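Worksheet for the structure shown next.
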Amino acid sequence: MQIAAHVYADRRRRLMASLPDNSAVVIRTGELSTRNNDCDYEFRPHSSFFYLTGFPEPSAYAVIHPNGDLTLITLPKDPEKELWDGFRFGSEGAIEHFGAEKAAVLSELDCTLVESMDGVEHIAYLFDDACLREKIAGWRDTLASRARAGAVAPTQFINLANFVAEMRLVKDEHEIAIMEKAAQISVEAHKQAMKSVCPDMMEYQLEAEINYTFMKSGARQPAYSNIVASGSNACVLHYIKNDEKIDNGDLVLIDAGAELGCYAADITRTFPANGKFSEPQAALYQLVLDAYYAGLKELTVGSPYEAFHKTAVKTLTQGLVKLELLEGDVDTLIEDNAYRDFYMHNTGHWLGLDVHDCGAYKVDGTSRILEEGMVLTLEPGLYIAADNQAVDEKWRGIGIRIEDDILIKAEGPYVLTHGLPKEIDEIEAFMAENN
Ligand SMILES: [Mn+2]
């Protein structure tokens with residue numbers, strides 16, 4: 001699923017319209033990174049670079065000129081290198097397939113950028129790219145040193161981050177189509193895990209079912225490191241070792257999503273290794289599910305971003321009091337963050353090219369208002385540490401999270417990750433039938 005070159009051109013036009021007059025954008029995708037010795041990790045483009053160009057190769061730079069034209073600076077065509085490492089588009093390919101008006105190769109980077117920046121007042125780049133910052137300073141110095149020859153160096157530097165983030169926050173129809181596909185591949189993977197789990201298998205053996213389904217379904221890799229956490233490992237929020245044995249009676253928490261066309265899905269399900277929730281597991285699970293539904297209701301156009309988290313926290317705190325895991329007045333407990341012993345993360349995050357996608361959560365100090373086309377996760381959870389002596393023994397070591405990907409639509413929240421069991425009886429019936 002590829003997005004057509006004219007869609008990227010339109011994004012560049014909109015970006016330039018949001019920047020001051022006589023601005024140019026400079027952005028790079030980054031380099032291959034070494035795993036060990038002469039082995040590299042597979043390259044994955046920088047998300048904002050990819051969003052603006054669609055160009056997939058490492059080491060590339062892009063300049064968007066004040067008139068909206070694109071110059072791509074890429075690795076050169078090189079038959080010897082391509083024999084070993086694979087195809088490169090080169091300058092001709094950059095123009096033909098990616099809509100660049102001009103192209104250059106990396107050996108021409110400095111002269112191309114000095115020429116591009118001459119006479120441009122504002123340079124917009126990502127301030128967190130320290131390597132690019134240093135290069136831009138060098139190109140500026142070169143122009144300044146040529147002032148008597150008529151060169152004009154830029155005087156203003158703008159952080160590109162917020163401008164691109166505002167655009168990436170609202171997904172277009174092409175992005176939504178890819179994200180729903182990534183979501184549905186991930187749904188299949190979680191179903192496959194529920195079908196395949198059995199006590200005594202290793203967590204990574206269950207993870208294999210996830211990766212197998214991603215790849216078989218057309219997604220080359222996960223969007224982030226899979227979490228397959230059995231028993232109290234589920235209380236470690238970013239548990240990715242996945243190397244322990246799944247015990248009979250454990251809950252298994254799987255947080256895994258496929259990446260497709262550089263877009264992420266992000267799903268968590270928690271289910272019993274033996275197909276049947278114990279009573280305390282079911283009580284906590286139902287509470288998390290109640291918080292999920294309470295949060296879902298707040299995911300509507302015009303609602304402030306913070307509303308669904310607040311609602312989820314309220315539901316969880318009420319339930320924790322009812323289950324006698326907390327004691328006291330609900331509002332006071334919320335004010336005192338008492339729930340944080342059991343619920344220490346937020347109820348969601350933006351989702352897109354990055355699993356924790358860009359986009360400010362607050363605007364002018366207040367919570368952002370949800371708009372049609374925004375995509376976020378809804379992921380309430382509860383985590384009772386195995387060594388928590390303050391609670392009844394039956395709760396200890398239970399970790400639960402339920403996470404779906406939600407598209408904000410005019411008619412209400414749309415669950416991109418639809419079709420994956422999450423009710424207790426639904427999960428138990430699905431596992432009884434398929435496991
Ligand atoms: Mn998430």
Side-chain angles (χ1 to χ4, degrees), residues 44 47 165 168-169 171 175-176 178-190 193 207 210-211 214 219 221-229 233-240 242 251-260 262-271 285 288-289 291-296 298-299 305-313 315-316 340 342-361 368 370 374-383 399-408 413-422:
R44 198 280 192 183
S47 294
R168 282 175 52 187
L169 192 48
K171 275 68 180 174
E175 297 180 284
I176 290 166
I178 294 175
M179 289 188 74
E180 184 156 15
K181 179 87 174 119
Q184 285 305 308
I185 289 171
S186 308
V187 164
E188 285 313 308
H190 280 261
E207 183 183 14
I210 295 278
N211 286 334
F214 285 169
Q221 65 250 312
Y224 54 93
S225 299
N226 301 317
I227 296 172
V228 179
N233 292 335
C235 300
V236 180
L237 294 180
H238 291 156
Y239 177 82
I240 55 171
N242 303 350
L251 287 180
V252 182
L253 182 154
I254 299 185
D255 185 342
E259 183 174 85
L260 191 69
C262 289
Y263 284 85
D266 184 4
I267 301 182
T268 308
R269 283 295 184 272
T270 311
F271 52 88
Y285 188 95
V288 175
L289 195 58
Y292 172 100
Y293 287 120
L296 186 64
E298 303 291 337
L299 296 178
Y305 177 84
E306 65 189 357
F308 78 110
H309 176 62
K310 281 191 171 168
T311 304
V313 163
T315 304
L316 290 173
R340 287 213 152 248
F342 309 113
Y343 184 48
M344 52 299 278
H345 61 76
N346 263 305
T347 310
H349 51 82
W350 306 126
L351 182 71
L353 286 164
D354 292 310
V355 65
H356 297 155
D357 211 29
C358 55
Y361 291 95
R368 184 186 282 277
L370 296 180
M374 291 176 172
V375 179
L376 44 77
T377 66
L378 170 62
E379 49 177 312
L382 282 175
Y383 314 90
I400 294 162
R401 181 163 63 254
I402 305 170
E403 175 177 32
D404 275 323
D405 302 342
I406 314 290
L407 167 65
I408 306 297
Y414 178 76
V415 182
L416 291 167
T417 44
H418 56 82
L420 181 59
K422 60 175 169 279

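Keep in mind that this is a model prediction, so the values were computed, not measured. Whatever order the structure lists ligands and atoms in, that order sets their numbers, starting from 1.
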### Query
Could you state the interatomic distance from CD (Glu188) to CD1 (Ile210), rounded to the nearest 0.5 Å?
11.0 Å

### Task
Report the residues that fulfil salt bridge (Lys or Arg N to Asp or Glu O under 4.0 Å) with Glu403, sequence neighbours left out, ordered by chain and then residue number.
none

### Message
Checking side-chain contact (heavy atoms from CB on, under 4.5 Å) between Leu407 and each of Leu376, Val415, Ile176, which is the one that passes?
### Response
Ile176

### Task
Could you tell me which residues satisfy ring-ring contact (aromatic ring centres under 6.0 Å, His included) with Tyr343, sequence neighbours excluded, listed by chain and number?
His345

### Message
Using a strict threshold of under 4.0 Å (side-chain N to carboxylate O), is an ion pair present between Lys310 and Glu298?
### Response
no

### Query
For the Mn ion (ligand 1), how many protein N, O or S atoms lie at less than 2.8 Å?
4

### Query
Quick one: ring-ring contact (aromatic ring centres under 6.0 Å, His included) partners of Phe308, sequence neighbours excluded?
Tyr305

